[in-house]
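Just so it is clear, the values below take in all heavy atoms, side chains as well, and ignore hydrogens, waters and symmetry mates. One-based numbering along the sequence shown.
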Amino acid sequence: MTSYGLNACPPLLVGVGVATSVETAAMLSKKALLRPVGSHSENERAARMEQLLEDGINAIGLGPQGMGGRYSVLGVNIENTARHPSAIGVAVNVGCWSHRRGHIVFDKDLNFKVTTHTGFEYREA
């Protein structure tokens, strides 16, 4: 986190994927990164590891914009899948504090509803 974490602007969002292959782990780490801030893994052990990693990274003291401080991460999210113990792929993705997330639901006719933002206005180009 001290070497590569500063490529994004702290406080960071951290996504960790644990899977059979590095390809699947990378996909899961992106999925984890997009989970809502403050959410926790349904897997009890993964949820505990999320908290341990969050506490440990915050203890580094990167702080906002890497200028030092108490909070280096907004959250650490872990996604995992079934795997054999002899093959464990792990991937980590970080996103900066300005990481934005929205949710749009499309139906079969491509009509849509924005479920995460209010005041949204659709304009045709």
Could you check if a side-chain atom of [X] sits within less than 4.5 angstrom of a side-chain atom of [Y], using non-hydrogen atoms only?
X: I78; Y: L53; value: yes
X: S72; Y: L12; value: no
X: R83; Y: V18; value: yes

Look up atom CZ in R70 and atom CG in L62, then write down how far apart they are to the nearest 0.5 Å.
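Rounded to the nearest 0.5 Å, the CZ-CG separation comes to 15.0 Å.
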Nearest 0.5 Å, what's the CG-OG distance between N77 and S39?
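Between atom CG of N77 and atom OG of S39 there are 4.5 Å.
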Between N58 (side chain) and V73 (backbone), is there a donor-acceptor pair under 3.5 Å?
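Present.
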Taking D109's backbone N and O only, do any of them form a donor-acceptor pair with D107's side chain (distance below 3.5 Å, no angle check)?
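Yes; judged by distance alone, with no hydrogens or angles, the pair exists.
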Give a yes or no on whether [X] and [Y] share a hydrophobic cluster (residues Ile, Leu, Val, Met, Phe, Trp, Tyr; joining criterion: side-chain heavy atoms under 4.5 Å apart).
X: L28; Y: V92; result: no
X: Y71; Y: L33; result: no
X: M49; Y: I88; result: yes
X: V76; Y: M27; result: no

For N93, side chain to side chain donor-acceptor pair (under 3.5 Å) partners two or more places apart
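Partners of N93 under the side chain to side chain donor-acceptor pair (under 3.5 Å) test: S29.
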Excluding sequence neighbours, so at least two apart, what forms salt bridge (Lys or Arg N to Asp or Glu O under 4.0 Å) with E50?
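Per chain and number, E50 pairs via salt bridge (Lys or Arg N to Asp or Glu O under 4.0 Å) with R35.
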Would you name the heavy atoms of [X] and [Y] that are closest together and state the gap between them?
X: A46; Y: N80; answer: CB-OD1, 4.3 Å
X: H40; Y: A47; answer: CB-CB, 4.4 Å
X: V37; Y: L74; answer: CG1-O, 4.0 Å

What do the steps show when you test T115 against V105 for side-chain contact (heavy atoms from CB on, under 4.5 Å), and what is the final call?
CA-CA 7 Å; T115 62; V105 178; 4.1 Å; yes
